[in-house]
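A short write-up of the structure that comes next.
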Amino acid sequence: MDERQLRILRELGELGSVTAVAEALLVTPSAISQQLRLLQRSIPVPLTERDGRRLVLTDAGQALAGAAVEVETALARARHTVEEFVARPDGDVSVAAFHSAGAAFFPLLLRALAGPGHPVLALADEDVAQDDFPRLTREYDLVLAHRLDHAPTWPDTVTVTTLLREPLDVAMPVDHPLAAKRRVTPRDVADEPWITVHDGFPVMATIDAIAAAAGRRLHLAHRINEFAVVAEVVAAGGGLALMPRWTMRRHPALTLRPLSGVQARRHIDALYRPERTARTAFRTVLRELRQAARTIQEGEETRPKGARGTARPAT
């Protein structure tokens with residue numbers, strides 16, 4: 001039993017097939033199968049079994065895969081303690097984010113870490129379905145992901161630091177009749193056309209909850225994921241939309257109104273593999289992300305009440 005074999009078992013449990021593991025680790029499927037056979041020789045109970053054409057983990061395999069996370073973390077920490085780069089404050093750190101989080105967090109992060117002696121950032125945008133965010137932690141040190149407040153939690157394969165719990169408000173043109181209300185209800189908005197995200201992305205569950213609370217289906221006129229585009233469509237009279245309250249730039253033609261009667265809030269979380277935390281540069285970036293989250297929230301909450309009516313569209 002060695003570290004590579006345990007890593008393969010862990011990846012098999014996450015990805016569900018030998019082919020997917022081979023693609024993730026940039027080796028051939030036969031090489032993966034050979035390592036699994038070698039691992040099995042050292043274990044007295046079966047680690048894998050066939051489920052149709054798929055190779056899946058047995059209960060013993062799942063237990064060992066869980067232990068592999070701890071082993072990989074411990075080995076990573078042991079190596080890092082004797083390697084110089086662990087203590088380097090200016091190491092490379094990659095950060096991926098969905099669009100509106102990138103628009104809100106990336107500028108603050110770049111300004112906070114500008115100049116020599118700070119981590120070197122590599123930023124990327126990743127607009128993926130909610131279930132795909134954890135897999136991105138194989139490619140990036142930190143992944144900014146979002147999920148609805150009542151959605152299932154992230155899997156145990158990643159470590160989670162919650163940055164924001166952000167309300168979702170109803171966006172509408174400033175001259176819309178509903179803009180005169182301080183809050184709106186599902187019945188208020190049920191007969192309006194809606195702009196919302198594609199299936200599989202966060203926000204759709206809240207749209208469904210509005211329909212359930214109102215007792216009728218909503219008319220989903222447009223399917224657009226990027227909030228910058230959504231804001232322009234709302235401003236042009238294309239319908240209402242749910243938009244995050246804090247991670248938005250102001251738009252003079254829009255107003256946001258809180259939604260009553262439905263739980264409308266999303267988590268913005270930093271996802272990462274636990275072994276990443278051994279690096280000084282990583283911890284610095286994570287600390288600055290927490291500070292950026294406070295700045296984003298406090299900046300909105302300290303804005304005069306009269307200035308909160310306009311939305312700030314983000315990408």
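Starting from 1, each residue takes its place in the sequence as its number. Predicted, not measured: the structure shown is a model, and the values here were computed from it.
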Report the C-alpha distance between Leu178 and Arg257 in whole Å, list the side-chain angles of each, state the deciding distance to 0.1 Å, and finish with yes or no for side chain to side chain contact (heavy atoms under 4.5 Å, CB included). CA-CA 9 Å; Leu178 291 175; Arg257 288 295 178 260; over 6 Å; no
Ion pair Arg135/Glu23, N-O distance below 4.0 Å: no
Nearest atoms (heavy-atom pairs only) where Trp154 meets Pro134: CE3-CG, 3.8 Å
Taking side chain as C-beta onward, heavy atoms only, is His267 less than 4.5 Å from Asp149? yes
Which heavy-atom pair separates Arg265 from Pro167 by the least distance, and what is that distance? CG-N, 3.9 Å
Can you list everything that forms a side chain to side chain donor-acceptor pair (under 3.5 Å) with Ser94? Sequence neighbours excluded, please. Asp141
Would Trp246 end up clustered with Val203 when hydrophobic side chains under 4.5 Å apart are linked, directly or stepwise? no
Report whether Leu38 and Val45 are members of the same hydrophobic cluster (ILVMFWY, side-chain heavy atoms less than 4.5 Å apart, transitive linking). no
Quick one: sort the His146 and Phe133 rings into parallel, tilted or perpendicular, breaks at 30° and 60°. perpendicular
Does a side-chain N-to-carboxylate-O contact under 4.0 Å join Glu3 and Arg7? no
Can you tell if the side chain of Val158 reaches within under 4.5 Å of the side chain of Val143, non-hydrogen atoms only? no
Here the salt bridge (charged side-chain N to carboxylate O under 4.0 Å, His left out) pairs for residues 208-220, sequence neighbours left out, are Asp191-Arg216
In one Ile/Leu/Val/Met/Phe/Trp/Tyr side-chain cluster, 4.5 Å: Leu55, Leu6: yes
Within 6.0 angstrom of Arg294 CZ, more than 12 heavy atoms from elsewhere: yes
Would you say Val189 and Ile210 make side-chain contact, with heavy atoms under 4.5 Å? yes
Taking side-chain hydrogen bond (donor to acceptor under 3.5 Å, both in side chains) as the cut-off, I'd like each qualifying pair that reaches into residues 156-169, sequence neighbours left out, listed once. Thr161-Tyr272, Thr162-Asp269, Glu166-Thr247, Glu166-Arg266, Asp169-Arg245
Contacts of Arg223 meeting salt bridge (Lys or Arg N to Asp or Glu O under 4.0 Å) (sequence neighbours excluded), chain-then-number -> Asp199
Where the side chain of His118 meets the backbone of Ala114, is there a donor-acceptor pair that is under 3.5 Å apart? yes
Do Leu110 and Leu121 touch side chain to side chain, with heavy atoms closer than 4.5 Å? yes
According to a hydrophobic-cluster definition based on side-chain heavy atoms being under 4.5 Å apart (Ile, Leu, Val, Met, Phe, Trp, Tyr only), do Leu218 and Ile224 belong together? no
Evaluate Ser17 against Arg54 for side chain to side chain donor-acceptor pair (under 3.5 Å), listing each step before the verdict. CA-CA 6 Å; Ser17 76; Arg54 298 173 61 247; over 6 Å; no
Hey, does Arg283 have a side-chain heavy atom less than 4.5 Å from the side chain of Arg276? no
With sequence neighbours excluded, what pairs up with Glu126 under the side chain to side chain donor-acceptor pair (under 3.5 Å) test? Tyr140
Please name all residues satisfying salt bridge (Lys or Arg N to Asp or Glu O under 4.0 Å) with Asp90, sequence neighbours left out, ordered by chain then number. Arg88
Closest heavy-atom pair and its distance - Gly13, Leu57: CA-CD1, 3.5 Å
Looking only at non-hydrogen atoms, find the nearest pair between Val234 and Ala241 and report the distance. CG2-CB, 3.8 Å
For the residue pair Phe105 and Ile268, what are the closest heavy atoms and their distance? CE1-CG2, 4.2 Å
Quick check against the 3.5 Å criterion: does Thr58 have a side-chain atom that pairs as donor or acceptor with the backbone of Pro46? yes
Any link between Leu240 and Leu168 through a network of hydrophobic side chains (Ile, Leu, Val, Met, Phe, Trp, Tyr) touching at under 4.5 Å? yes
Quick one: are Phe98 and Asp125 in side-chain contact, heavy atoms under 4.5 Å? no
Under 3.5 Å, is there a donor-acceptor pair between the side chain of Gln40 and the main chain of Leu47? yes
Looking at side-chain heavy atoms only, is the closest gap between His198 and Met204 below 4.5 Å? no
Do the side chain of Gln5 and the main chain of Asp2 share a donor and acceptor less than 3.5 angstrom apart? yes
Do the side chains of Lys181 and Val184 get nearer than 4.5 Å, heavy atoms only? yes
